[in-house]
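Computed from a predicted structure; not experimentally measured.
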Amino acid sequence: MSKTTLSIRRSDGRIFSIDDLLWRLTAVSGLDKPNIEIYTQKAAIGAGDLITGERVGSRAIDITATTRKPELNDVSRRAATSFFTPGRTYDVYVTRYGSQRYAADCRLDSIEIPTDNQYSPITLKLSLLCPEGYFLSADSFGKNIAGVTERAGWPYVALSGYGRICGVYAYAGTVYLDNDGDAEAYCKAVFIAKGSVVNPKLIAGNGYVRVLCTMADGDVLLIDGKTKSVTLNGVNAATMLDKASSFSGIVFGLGTNSIGYTADVGSNVLAVNVYYNKRYMGA
């Protein structure tokens, strides 16, 4: 069986590891049990119920770990109680079966470190509430859809009369990204202007999000499909949206998805990076 290890990253950047060095994982639940919720109402006529909705709700991850060094019991206890505190968020990275996935923005639900025999290894009992419901891929699969595709190589051969192609700049184009997770994935696009850009537009599936603005050199536009928000240089830009814009297409379904961008002016001076985390039913 593949060993399971945990790396818990707090919102301030600190990390608590359960990796068989100082702490040893003895039990964990919630990794393979999604919280599937089905809503029903009683049928007006006849037997049975009607399905009115279905969703994946938040889940709890319950962790039990023991220290490897009883002589460090006091230090280990203090490290745990100072790390796991209310008011913080935690990303729980799970490494098992040779891959890593994580539960994002978890909250501390309970923590207990029973004191039995002071000469025996102490036990940490921890419960974290994960609002996302799904585990996410550790890699956000970022791709610059306005990037340069290299064409030159070494050794370099140039044929007389045919010219030389060193690279192709793929602005205002479309790329295809794969989602082989277990559910739809949310897309986040970051537009960075390298000159004047008028009315940038992100195109995904059958919909688009178009922002009616003029970007100057160095401006950063963020379009987030999960939060359904748009910011320009960190400031809410929802009032700048084209009325026909829709976030419904800024979601990657299972399989291959197309996404592209353009602008009324300045497509060739934009860098556009697209990010998405695949979502899984378990870690």
Side-chain angles (χ1 to χ4, degrees), residues 4 6 8-9 11 27-63 86-97 99-110 126-141 177-189 202 204-209 222-231 236 238 241 245-259 274-283:
T4 299
L6 305 179
I8 304 172
R9 303 184 186 184
S11 51
V28 59
S29 64
L31 301 186
D32 301 304
K33 188 179 180 181
N35 179 20
I36 301 174
E37 301 173 351
I38 300 177
Y39 302 101
T40 64
Q41 68 179 31
K42 296 186 182 300
I45 301 175
D49 295 334
L50 302 176
I51 303 297
T52 59
E54 184 176 0
R55 66 188 290 270
V56 175
S58 60
R59 75 170 78 195
I61 298 179
D62 297 316
I63 300 166
R88 304 278 189 175
T89 60
Y90 302 86
D91 291 342
V92 182
Y93 286 80
V94 181
T95 302
R96 66 197 299 218
Y97 305 126
S99 64
Q100 186 180 68
R101 297 172 184 171
Y102 78 101
D105 299 326
C106 300
R107 298 281 181 162
L108 178 67
D109 189 45
S110 67
L126 183 69
S127 182
L128 295 165
L129 178 67
C130 307
E132 167 72 25
Y134 290 94
F135 279 89
L136 305 178
S137 60
D139 188 348
S140 60
F141 299 98
L177 302 175
D178 292 324
N179 176 18
D180 58 1
D182 299 332
E184 293 180 330
Y186 295 106
C187 163
K188 180 185 294 185
L202 182 70
N206 296 321
Y208 69 84
V209 172
L222 173 63
I223 300 176
D224 193 327
K226 181 176 182 179
T227 60
K228 296 179 173 55
S229 63
V230 178
T231 60
N236 187 356
L241 285 175
S245 294
S246 172
F247 284 93
S248 60
I250 314 300
V251 175
F252 289 162
L254 299 180
T256 302
N257 298 264
S258 65
I259 188 164
V274 175
Y275 304 92
Y276 65 106
N277 290 90
K278 299 175 183 179
R279 300 197 296 167
Y280 299 93
M281 296 290 280

Any donor-acceptor pair under 3.5 Å linking the side chain of [X] with the backbone of [Y]?
{"X": "Arg59", "Y": "Gly133", "answer": "yes"}
{"X": "Arg107", "Y": "Pro86", "answer": "no"}
{"X": "Asn179", "Y": "Gly253", "answer": "yes"}
{"X": "Arg96", "Y": "Ala283", "answer": "yes"}
{"X": "Asp62", "Y": "Ser127", "answer": "no"}

Donor-acceptor contacts, no H, no angles, side chain residues 33-47, under 3.5 Å, sequence neighbours left out:
unit_1	atom_1	unit_2	atom_2	d
Asn35	ND2	Glu37	OE2	3.3
Asn35	ND2	Ser58	O	2.8
Glu37	OE1	Tyr39	OH	2.9
Glu37	OE1	Arg55	NH1	2.5

Find out whether [X] and [Y] are in side-chain contact, i.e. whether some heavy atom of one side chain is under 4.5 Å from a heavy atom of the other.
{"X": "Glu132", "Y": "Asp105", "result": "no"}
{"X": "Leu177", "Y": "Phe141", "result": "no"}
{"X": "Ser245", "Y": "Tyr208", "result": "yes"}
{"X": "Val94", "Y": "Gln100", "result": "no"}

Nearest 0.5 Å, please: how far is [atom2] in [Y] from [atom1] in [X]?
{"X": "Arg279", "Y": "Ser137", "atom1": "CZ", "atom2": "OG", "answer": "11.0 Å"}
{"X": "Arg9", "Y": "Cys106", "atom1": "CZ", "atom2": "SG", "answer": "13.0 Å"}
{"X": "Tyr134", "Y": "Lys278", "atom1": "OH", "atom2": "NZ", "answer": "16.0 Å"}
{"X": "Leu6", "Y": "Ile63", "atom1": "CG", "atom2": "CD1", "answer": "5.0 Å"}
{"X": "Ile61", "Y": "Tyr90", "atom1": "CD1", "atom2": "OH", "answer": "14.0 Å"}
{"X": "Tyr275", "Y": "Asp139", "atom1": "OH", "atom2": "CG", "answer": "11.0 Å"}

Minimum heavy-atom distance between [X] and [Y], given as atom pair plus value:
{"X": "Val230", "Y": "Asn236", "value": "O-OD1, 3.5 Å"}
{"X": "Val274", "Y": "Cys187", "value": "CG1-SG, 3.6 Å"}
{"X": "Ala104", "Y": "Leu136", "value": "CB-CD1, 4.0 Å"}
{"X": "Ala204", "Y": "Ile250", "value": "CB-CD1, 3.8 Å"}

Between Asn257 and Val251, is the side chain to side chain contact (heavy atoms under 4.5 Å, CB included) condition met? List the steps. CA-CA 9 Å; Asn257 298 264; Val251 175; over 6 Å; no
Run the side chain to side chain contact (heavy atoms under 4.5 Å, CB included) check on Phe252 and Ile259 step by step: do they pass? CA-CA 9 Å; Phe252 289 162; Ile259 188 164; 4.0 Å; yes
Please verify the inter-ring angle class for Tyr93 with Tyr102; under 30° counts as parallel, over 60° as perpendicular, anything in between as tilted.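 Taking Tyr102 first and then Tyr93, their aromatic rings lie parallel (interplane angle under 30°).
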Check against side chain to side chain contact (heavy atoms under 4.5 Å, CB included), Leu108 and Leu128: CA-CA 5 Å; Leu108 178 67; Leu128 295 165; 4.2 Å; yes
Please lay out, stage by stage, how Phe247 and Ile223 fare under the test side chain to side chain contact (heavy atoms under 4.5 Å, CB included). CA-CA 9 Å; Phe247 284 93; Ile223 300 176; 4.0 Å; yes
Do Arg101 and Phe135 form a cation-pi contact, if we require the NZ or CZ to be under 6.0 Å from the six-membered ring centre and within 45 degrees of the ring's axis?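 The answer is no; the distance or angle limit is not met.
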